[in-house]
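Heads up, the thing below is written out as structure tokens.
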2 protein chains.
Amino acid sequence: MARESKKHKDIITTARELFWKHGFKRMSVEEICRKANVSKMTYYKYFPNKIELAKTMFNNVVEEGEKQFRMIMKEDSTAAEKLEKIILLKMEGTNSISPEFLQDFYTGSEPELKAFVEERTKKTWDLLINDFKEAQEAGIFRKDFKPEFMVIIQNMLIGIIEDENITAMFDTRQELIMEFVNLIIYGIAPRE
Amino acid sequence: MARESKKHKDIITTARELFWKHGFKRMSVEEICRKANVSKMTYYKYFPNKIELAKTMFNNVVEEGEKQFRMIMKEDSTAAEKLEKIILLKMEGTNSISPEFLQDFYTGSEPELKAFVEERTKKTWDLLINDFKEAQEAGIFRKDFKPEFMVIIQNMLIGIIEDENITAMFDTRQELIMEFVNLIIYGIAPRE
DNA sequence: TGTAAATATACGAAAATAATATAAATATAC
DNA sequence: GTATATTTATATTATTTTCGTATATTTACA
């Protein structure tokens with residue numbers, strides 16, 4: 001009963017792909033098994049039910065995101081560089097959570113999974129904010145900036161990316177990110 | 001009972017989005033109605049069942065693709081320009097058929113829809129090949145080139161786009177397309 | 001107000017799904 | 001080659017979901 005079994009891993013990565021793309025409800029255990037080349041019986045050897053698979057999968061993704069985030073924060077780099085890397089990380093999709101996956105929860109069904117996701121997300125935010133505070137104390141960010149404000153910045157970014165009027169103003173995504181980072185880091189006041 | 005009803009259109013465009021993204025089986029009529037802001041009853045006023053909706057939707061997409069294709073073929077332009085535009089059209093997704101949508105059929109389920117899609121696709125190919133022949137007779141393409149070969153070229157293109165080793169060789173998608181078009185139009189023999 | 005269209009709701013039958021049980025097949029270790 | 005442990009194929013049951021219809025209500029609108 002090796003917990004690091006190949007099949008076990010296959011199930012999780014397949015689940016991530018499919019839940020991410022189509023959402024939780026739309027995917028059946030059987031289809032996940034088929035795509036992962038695992039029989040249903042081996043599936044139920046590792047996971048007691050469908051929800052538990054989603055939890056494990058989500059947990060893995062969040063943990064991976066946390067790890068990458070902390071790596072960036074520990075790097076010896078400026079605030080602008082850090083922020084840019086964090087945004088890129090988010091946009092690469094490794095860290096960002098698929099709306100398809102979240103959709104099911106916010107329609108009211110699957111309250112157990114919804115609670116789990118919310119709690120886990122909150123826990124992550126606490127961690128990230130703490131890292132921000134440390135970086136702040138180390139002098140990387142302005143002292144009177146509230147790290148909790150990062151949540152709001154995240155939402156701003158999402159809004160900007162989804163706004164076609166804004167994206168149309170830039171030739172490349174990179175340019176848009178740099179502009180955004182500069183705004184967040186330096187504000188709109190002229191530099192001296 | 002206006003056949004050009006707004007609701008009727010809403011259903012089709014929503015179905016296209018969702019079938020395209022998640023496939024036929026995974027989408028329920030109810031969810032399509034919900035996303036299209038149409039009650040189930042009005043849905044069944046316009047469509048007798050789920051398959052008929054998929055057929056209508058597919059038909060619309062193919063017809064739209066045909067129209068755009070013929071427009072390009074009728075234009076006063078060189079073979080290279082035409083081919084490039086056709087490829088771009090395909091890549092924009094307006095014309096290309098989502099693999100998610102096709103997947104259900106090739107697993108054996110839904111034989112009726114499978115038959116319909118195959119027949120409709122064949123009919124389209126016949127039309128397109130005919131247009132190619134006309135263009136050929138008009139001197140736009142080499143006389144001893146078999147238009148039926150276009151099917152094979154299509155498959156080549158799909159293979160190339162999905163091959164990361166190849167796409168990595170080009171900075172932009174445009175470059176890759178141009179290279180491919182040049183190969184198809186002029187071959188690899190040196191130009192005099 | 002009166003008429004046509006759209007909706008919400010409920011409903012039954014059929015199909016799909018989650019989860020379990022059992023026997024056969026495969027792989028691995030000795 | 002045999003024994004042991006995994007994995008699979010298949011069948012099964014209870015529970016949901018889904019399809020498609022019927023009815024009663026609400027909305028649009030002329």
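Below, chains carry the letters A, B, ... as their sequence lines are ordered, and counting in each starts from 1.
Across all strands shown, the partner of D/dT13 is C/dA18, judged by Watson-Crick or G-U wobble contacts whose two distances both fall under 3.5 Å. Across all strands shown, C/dT3 is found opposite D/dA28 as a Watson-Crick or G-U wobble partner, with both distances under 3.5 Å. With a 3.5 Å ceiling on both atom-pair distances, the Watson-Crick or G-U wobble partner of C/dA29 is D/dT2.
The separation between B/Ile32 atom CD1 and D/dC19 atom P is 8 Å, rounded to whole Å. Between A/Asp104 atom CG and D/dT17 atom P there is a gap of 11 Å when expressed in whole angstrom units. Taking atom CZ of residue A/Arg26 and atom C1' of nucleotide D/dT16, one finds them 17 Å apart after rounding to whole Å. When rounded to the nearest whole Å, the span between CD of B/Glu112 and P of D/dC19 equals 15 Å. The distance between atom NZ of A/Lys40 and atom P of C/dA21, rounded to the nearest whole Å, is 13 Å. One can place NZ of B/Lys50 at 10 Å from P of C/dA16, the figure rounded to the nearest angstrom. With rounding to whole Å, A/Met41 atom CE is found 11 Å from D/dA9 atom C1'. Distance A/Asp10 CG to D/dT6 C1': 15 Å, rounded to the nearest Å.
For A/Ser39, taking side-chain heavy atoms from C-beta onward, the closest of the listed nucleotides D/dT7, C/dA10, C/dA19 is D/dT7. The side chain of A/Tyr44 approaches C/dT20 more closely than any other nucleotide in the set C/dT20, D/dT21, D/dT7.
The side chain of B/Tyr46 places no N or O atom within less than 4.0 Å of a non-bridging phosphate oxygen (OP1 or OP2) of C/dA5. Dashed line: the shortest gap from a side-chain N or O of B/Thr42 to OP1 or OP2 of C/dT7 is under 4.0 Å. Phosphate proximity of D/dT8 to A/Lys7: present, with a side-chain N or O under 4.0 Å from OP1 or OP2.
Of the two residues near DNA chain C, A/Ser28 and B/Asn37, the one whose nearest nucleotide lies more 5' is B/Asn37. Each of A/Glu30 and B/Met27 lies near DNA chain D, and the nucleotide nearest A/Glu30 is the one positioned closer to the 5' end.
With respect to the salt-bridge test (charged N to carboxylate O, under 4.0 angstrom), the residues B/Lys133 and B/Glu148 qualify. Electrostatic pairing of A/Glu134 and A/Arg70 does not count as a salt bridge here, judged by no charged N lying under 4.0 Å from a carboxylate O. Salt bridge status for A/Lys82 with A/Glu75: absent, with no side-chain N to carboxylate O gap under 4.0 Å. Salt bridge annotation for B/Arg26-B/Glu31: absent, with no cationic side-chain nitrogen under 4.0 angstrom from a carboxylate oxygen.
Between B/Phe145 and B/Phe141, the angle of the ring planes lies from 30° to 60°, which puts this pair in the tilted group.
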